[in-house]
Amino acid sequence: MERVAAMIKERLKTLVAEAAGRAHDSGELPSSQMPPVSIEEPKADAHGDLSTNFALVAASLQKMPPRKIAERVIENLRDSDQLVEKTEIAGPGFINFFVKPKAWHPVLHQIHQAGDRYGAANFGRGRKVQVEFVSANPTGPLHVGHGRGAAVGDSVGNILAFCGFDVEKEYYINDSGRQIRTLGRSVFLRYTEVFGRKVDFPAECYQGEYIRELALRIKSEQGDQLLHQPEEDAIGYCARLAAGEILVGIRNDLRRFGVAFDVWFSEQSLYDTGTVDNVIKDFQRRGSVYERDGALWFGTSAFGDEKDRVVVRNNGLTTYFASDIAYHQDKYARGFDRVIDVWGADHHGYIERVTAAVEASGYRRDQFHVILVQLVNLLRGGEPVAMSTRAGEFVTLRDVVEEVGTDAARFIFLSRHYGSPLDFDLELAKQKSNDNPVYYVQYVHARICSIIRKASGSAAAEVLYDEAAVARLIETEEIQLLKTLSRFPETVQSSAENLEPHRITFYLMNLASEFHAYYNKHRVLADDPVLSCGRLYLVEAVRRVIENGLNLLGVSAPEKM
RNA sequence: GCGCCUGUAGCUCAGUUGGAUAGAGCAACGGACUUCUAAUCCGUAGGUCGCAGGUUCAAAUCCUGCCAGGCGUACCA
């Protein structure tokens with residue numbers, strides 16, 4: 001099905017190109033060289049529905065003033081299907097098109113036919129894409145920053161899937177290495193404390209209260225048994241148990257936050273299967289890895305990194321980077337064309353080296369993409385909430401979801417470009433007013449459901465298509481809504497191309513605003529049954545687009561509020 | 001020092017990949033509920049797009065150099 005907005009643009013493009021050709025044939029334009037025609041949407045309504053800068057771009061080729069070129073193009077327009085109401089030349093030489101209202105009407109039928117697929121596309125052509133996000137170490141509960149990463153990653157995945165990519169969402173569990181040992185040690189020390197042993201709790205250990213809770217839990221299950229084992233065994237036991245428990249908590253928190261991963265991938269498994277060793281050996285054979293000062297180095301600088309990086313330290317232990325190389329190789333080996341990693345902004349120093357590893361493994365640079373999500377500043381009533389990771393005092397994602405709800409949290413996380421720092425105000429987030437954009441958008445959905453209930457007795461009632469009724473939609477606000485609705489597919493597309501979910505958020509706020517304005521000015525259920533029928537059809541289309549958009553963000557579309 | 005991100009209205013942020021007079025929301029002020037949900041709407045006011053150059057018909061957007069803030073720059077994870 002051809003999109004209405006795209007169709008109109010294409011048509012105008014052709015009209016302009018043909019007109020320019022005719023003008024040249026008749027000698028009105030000297031050069032046969034014509035620039036490509038681009039059709040844009042002006043931001044000011046006074047500049048028409050669509051416009052082209054053709055005359056401006058053609059000026060240097062034609063060696064003529066732009067306004068003169070514009071005149072000759074307009075004179076040669078042959079608008080055979082009566083699409084255009086009016087054209088004008090404006091400013092330095094823009095050609096503005098005012099499209100007939102009826103040109104936008106077909107979008108309604110399209111929306112009703114496409115249903116929950118309206119806005120979807122297939123330019124992904126089934127290519128496999130992996131989105132990896134959150135991937136927090138299982139050494140403590142998720143905090144607010146992880147929530148932002150979760151919302152962004154989940155939504156990017158949804159959007160790409162909507163555009164025809166075969167998407168898999170993955171969580172990488174850093175369940176190996178020193179931080180897990182530190183976790184075990186932290187729990188074990190608290191455990192010994194429970195039995196009255198005086199310990200000097202080290203600063204590098206995890207300070208949070210949850211460590212004590214885990215220790216108590218081990219006591220209730222194992223009594224004092226661990227005190228009688230070799231300390232290494234006891235620490236190992238604590239580490240496994242704690243990481244397992246924390247991971248269960250993380251899964252629960254994410255589920256409650258509406259995030260479902262297809263794959264939970266264990267870092268330890270890369271060691272257990274020998275994948276990390278094999279990768280290092282393989283690169284050694286190929287000369288990408290070399291020895292210096294007793295350590296093994298990966299030659300990332302050959303691929304644009306500022307220096308080479310260590311993969312095996314001189315004490316024989318592998319670095320985090322080593323398993324990262326193996327992990328990313330494994331991703332491509334699983335058949336993904338594209339790999340997208342969502343990282344916290346503090347990891348940006350890693351982009352170059354992982355990209356280098358990807359390239360050294362024989363994949364293209366553009367098959368790997370990192371979304372760097374900036375930090376979240378948590379506020380309460382405008383005042384910063386004190387968060388000290390060192391003291392283990394921070395507001396967890398669970399706390400936030402319990403206080404403000406999943407919908408509000410997700411919407412706010414996606415209400416800003418991921419590259420700019422986000423102020424998250426708890427008071428504002430749970431406020432049920434127009435200050436809170438999520439309710440502003442959801443309210444539209446609930447309102448429309450209410451209208452439809454009123455019209456037919458049930459929200460699920462079928463709203464029927466009637467050509468004569470749709471033709472009655474000619475109010476300014478109605479045409480505006482039609483134009484905005486027809487723009488949804490391209491919004492989704494640019495959102496997918498740029499991996500920017502916030503474009504959907506802004507689109508929805510704008511659509512909501514236009515609907516509220518319409519609602520306040522015109523009655524949907526009017527005395528005239530034909531008009532009512534047309535308006536119901538329009539309003540149901542708005543509802544559908546709000547629902548589809550909110551779905552992509554992972555936010556619910558309530559029928560009542 | 002080097003690298004990345006950010007700098008737009010009092011505040012929080014958009015800005016259609018280079019377009020016309022730079023837009024929303026909040027806060028301020030003034031209005032609108034006997035009518036489909038007032039969690040709403042309408043109006044007013046608010047700007048040297050960090051600064052300085054450059055590229056061109058056209059720059060918030062691209063290039064260069066400064067300024068400010070954040071982050072990074074480990075044989076840490």
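All chains are named by letter (A, B, ...) in the order of the sequence lines, taking the proteins before the strands, and each is independently numbered beginning at 1.
- Of the listed nucleotides (B:rC71, B:rC36, B:rA74), B:rA74 has the atom at the smallest distance from the side chain of A:Lys307.
- Atom name C1', nucleotides B:rG18 and B:rG10: the rounded distance is 31 Å, in whole Å.
- Checked by distance alone, A:Asn96 brings a side-chain donor or acceptor within 3.5 Å of a matching partner on the base of B:rA20.
- At the heavy-atom level, A:Ser60 lies nowhere under 4.0 Å from the strands shown.
- At whole-Å resolution of the value, CZ in A:Phe506 and P in B:rA24 are 13 Å apart.
- Nucleotides B:rA60 and B:rC2 have their P atoms positioned 29 Å apart, rounded to a whole Å.
- Here A:Pro421 lies in heavy-atom contact (under 4.0 Å) with sugar-phosphate atoms only.
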Seminar exercise, completed: Dot-bracket assigned to RNA chain B with the 3.5 Å Watson-Crick/G-U criterion, [ ] for crossing and | for other-strand pairs, is (((((((..((((.....[...)))).(((((.......))))).....(((((..]....))))))))))))....

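- In the set B:rU40, B:rA74, B:rU16, B:rA74 carries the atom at the smallest distance from any side-chain atom of A:Arg309.
- Comparing the same atom, C1', in B:rG15 and in B:rU21 gives a spacing of 15 Å after rounding to whole Å.
- With rounding to whole Å, A:His502 atom NE2 is found 17 Å from B:rA24 atom P.
- B:rA27 and B:rC13 have their C1' atoms separated by 15 Å, with the value rounded to a whole Å.
- Within 6.0 Å of atom CG in A:Asp366, more than 12 heavy atoms from other residues, nucleotides or ligands are found, so the atom counts as buried in its surroundings.
- Across all strands, A:Glu306 comes closer than 4.0 Å only to sugar-phosphate atoms, never to a base (heavy-atom distances).
- A straight line from CG of A:Leu422 to C1' of B:rU6 spans 14 Å, rounded to a whole angstrom.
- In this structure, A:His348 reaches the bases: a heavy-atom distance under 4.0 Å links it to at least one base atom across the strands shown.
- Classification of A:Glu547 and A:Arg543 as a salt-bridged pair holds, one side-chain N sitting under 4.0 Å from a carboxylate O.
- Applying the 3.5 Å distance criterion, the base of B:rG19 shares a donor-acceptor pair with the side chain of A:Asn53.
- Atom pair A:Leu372:CG and B:rG70:P shows a separation of 18 Å (rounding to whole Å applied).
- Whole-Å rounding puts the A:Leu428 CG to B:rA39 C1' distance at 13 Å.
- Side-chain atoms of A:His328 and A:Asp341 form a donor-acceptor pair, as typed in the model, at a separation below 3.5 Å.
- Residue contacts for A:Ala345: at a heavy-atom cut-off of 4.0 Å it reaches the sugar-phosphate backbone alone, with no base atom in range.
- Comment: A:Lys483 does not engage A:Glu514 in a salt bridge, judged by the lack of any side-chain N to carboxylate O separation of less than 4.0 angstrom.
- No more than 12 heavy atoms of other residues, nucleotides or ligands lie within 6.0 Å of NZ in A:Lys560, so this atom counts as exposed by the packing criterion.
- Ring-plane geometry between A:His417 and A:His502 is classed as perpendicular, the angle between the planes exceeding 60 degrees on a 0 to 90 degree scale with a lower cut at 30.
- Panel note: side chain A:Thr52, backbone A:Ile39; no donor-acceptor pair is recorded below 3.5 Å.
- Within the 4.0 angstrom heavy-atom criterion, base atoms lie near A:Asp293.
- Counting non-hydrogen atoms under 4.0 angstrom, A:His445 reaches nothing in the nucleic acid.
- The side chain of A:Val524 lies closest to B:rC36 when the candidates are B:rC36, B:rC13, B:rA38.
- Residue-to-nucleotide contacts include no donor-acceptor pair under 3.5 Å from the side chain of A:His347 to the base of B:rG72.
- At a threshold of 4.0 angstrom between heavy atoms, the contacts of A:Asn314 include nucleobase atoms, whether or not backbone atoms are also involved.
- Straight-line distance from the CZ atom of A:Arg503 to the P atom of B:rC13: 18 Å, rounded to whole Å.
- The side-chain tip of A:Arg447 points at the ring of A:Tyr519 from less than 6.0 angstrom away and within 45° of straight on.
- In this structure, A:Ser450 reaches the bases: a heavy-atom distance under 4.0 Å links it to at least one base atom across the strands shown.
- Contacts of A:Ala517 with the nucleic acid, taken as non-hydrogen atoms under 4.0 Å apart, involve only primed sugar atoms and P, OP1 or OP2.
- Comparing B:rG15, B:rA20, B:rU12 against the side chain of A:Arg416 picks out B:rU12 as the nearest.
- Aromatic rings from A:Tyr439 and A:Phe411 are positioned such that their centres are separated by 6.0 Å or more.
- Each of A:Phe321 and A:Ile351 has a nearest nucleotide on RNA chain B; the 5'-most of these lies closest to A:Ile351.
- Residue A:Arg178 is classed as a sugar-phosphate contact, given heavy-atom separations below 4.0 Å to backbone atoms only.
- Look at OH on A:Tyr440: it is 13 Å from P on B:rA38, rounded to the nearest Å.
- Distances from the side chain of A:Pro42 to the nucleotides B:rC76, B:rC36, B:rA20 place B:rA20 closest.
- Of the charged side-chain nitrogens involved, none lies within less than 4.0 Å of a carboxylate oxygen, so that A:Arg487 and A:Glu490 do not count as a salt-bridged pair.
- Checked by distance alone, A:Ser513 brings no side-chain donor or acceptor within 3.5 Å of a matching partner on the base of B:rA24.
- Using a 4.0 Å heavy-atom cutoff across all strands shown, A:Tyr439 reaches at least one base atom of the nucleic acid.
- Proximity note for A:His47 (side chain, C-beta onward) versus B:rU37, B:rC75, B:rA20: the nearest is B:rA20.
- With a glycosidic angle no more than 90° from 0, B:rC33 adopts the syn conformation.
- Straight-line distance from the CZ atom of A:Phe515 to the C1' atom of B:rA24: 20 Å, rounded to whole Å.
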Tell me which donor-acceptor pairs under 3.5 Å the side chains of residues 288-297 of chain A have, and how far apart each pair is, sequence neighbours excluded?
residue: A:Tyr290; atom: OH; partner: A:Asp308; partner atom: OD2; Å: 2.6
residue: A:Trp297; atom: NE1; partner: A:Arg292; partner atom: O; Å: 3.1

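- Base contact: A:Val57 has a heavy atom under 4.0 Å from a base atom.
- Across all strands, A:Gln442 comes closer than 4.0 Å to no nucleic acid atom at all (heavy-atom distances).
- Proximity note for A:Tyr443 (side chain, C-beta onward) versus B:rC75, B:rA38, B:rA20: the nearest is B:rA38.
- For the C1' atom pair drawn from B:rG3 and B:rU40, the interatomic distance equals 49 Å after rounding to whole Å.
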